[in-house]
K.L.:
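Just dropping this structure here.
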Amino acid sequence: MKKYAAILLAGMMALSLAACGGSSSASSAKEDAAPAEAEAVTEEAEAEAGEAVTTEAAAAETAAELTTVSEGELHMATNAQFPPYEMTSDGEGYATDAAGDVHFEGIDVEVAAKIAEKLGLKLVIDDMEFSSVIISVQSGKADMAMAGLTVTEERKQNVDFTDSYATGVQVVIVPEDSDIATVDDLANDKMIGCQDGTTGFIYCEAPVEEGGYGKEHVNGYPNGAMAIEALKAGKVDAVVIDNEPAKQFVAANEGLKILDTEYIVENYAIGISKDNPALCEAVNNALNELIADGTVKQIVDKYINAGE
Ligand code: ARG
């Protein structure tokens, strides 16, 4: 896993330079800019952000210029079993499914709602299995995949990504009395549980030569909660999953702990159809405004305890 992590990290760094498929977009120029220039760009983005919220007409104009799968709506493909990024809500939440029956909340849902507002669109949540979110965008059923979705070289072949708005870390959850103390111990003929289609699953089931543990040592589950159930039932020896959901699962279940060991760090971004570069640009610009004016940080702090 260690070796693999280094390769992945090198890949991620190259990836972080280009948003929305292009290397010459304004947003990537921003990232390349020297600190002084970057500051100026931030101020500009802040000014833009102010304008965007105060001018409703401007938002309506943006919406008219954008093509989305359903007019006036922004459909977000996600798997809402990934707290604190996306989950169903007992209250009003920040968006609903198409029928208006199910309410959703979480970091991604709130950030998406703010993006939709800036674009003059209504956010609609399309809740599905995680392994379907990219396909759904690729096949034109949803406008954007936002699901604590890690940017990888392979996924970049299928969708364009915005700039990153958060980092995720793959961690290992084990029972408190486990003899697994490091990621290397996972190689000792252990069974690992993961959510199907996730990067954790992909790393773990990779052949040993590539830093994984081999397919025969990994069980995939439709969601993280089911992987945790399997761990509690002794069907797997460990669960590999992103750190923030991991913390929530460990807090909600007795007798589990997160290993303090070598981790893989990833970038989360929004995936958008390669056939809709205008939407990618618009979503990316809105996202960058929300990062620049502190809205994203405010939302993250609300769900993830500050000062940890
Ligand atoms: N970050 C991981 C990945 O992109 C896991 C994401 C799972 N997200 C979810 N909403 N269930 O593969």
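Atoms within a ligand are numbered from 1 in the order they appear, just like the ligands themselves.
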K.L.:
Could you list which atoms of ligand 1 come closer than 4.0 Å to a heavy atom of Leu149?
P.N.:
4 (O)
K.L.:
Report the part of Tyr268 (side chain from C-beta onward, or backbone N, CA, C, O) that has a heavy atom under 4.0 Å from ligand 1; answer both or neither where that applies.
P.N.:
side chain
K.L.:
Using a strict cut-off of 4.0 Å, indicate which atoms of ligand 1 neighbour a heavy atom of Arg155.
P.N.:
3 (C), 4 (O), 12 (O)
K.L.:
Hey, is Lys235 close enough to Glu229 for a salt bridge, meaning N to O under 4.0 Å?
P.N.:
no
K.L.:
Which protein heavy atom lies closest to atom 11 (N) of ligand 1, and at what distance to 0.1 Å?
P.N.:
Asn79 OD1, 2.9 Å
K.L.:
Under a 4.0 angstrom heavy-atom cut-off, which atoms of ligand 1 come close to Asp242?
P.N.:
1 (N), 2 (C), 5 (C)
K.L.:
Which ligand 1 atoms, with their elements, are less than 4.0 angstrom from a heavy-atom of Gln195?
P.N.:
7 (C), 11 (N)
K.L.:
Hey, is Cys204 close enough to Cys194 that the SGs sit under 2.5 Å?
P.N.:
no
K.L.:
Answer yes or no: is there an ion pair linking Lys114 with Asp293, defined by an N-O contact shorter than 4.0 Å?
P.N.:
no
K.L.:
Just to verify, which of Asp237, Asn188, Thr261 counts as forming a side chain to side chain contact (heavy atoms under 4.5 Å, CB included) with Ile180?
P.N.:
Asp237
K.L.:
Tell me: protein heavy atom nearest atom 8 (N) of ligand 1, and distance?
P.N.:
Ala147 O, 2.7 Å
K.L.:
With Leu119, which of Asn285, Leu66, Thr68 fulfils side chain to side chain contact (heavy atoms under 4.5 Å, CB included)?
P.N.:
Leu66
K.L.:
Under a 4.0 Å threshold between the charged nitrogen and the carboxylate oxygen, would Glu153 count as salt-bridged to Lys156?
P.N.:
no
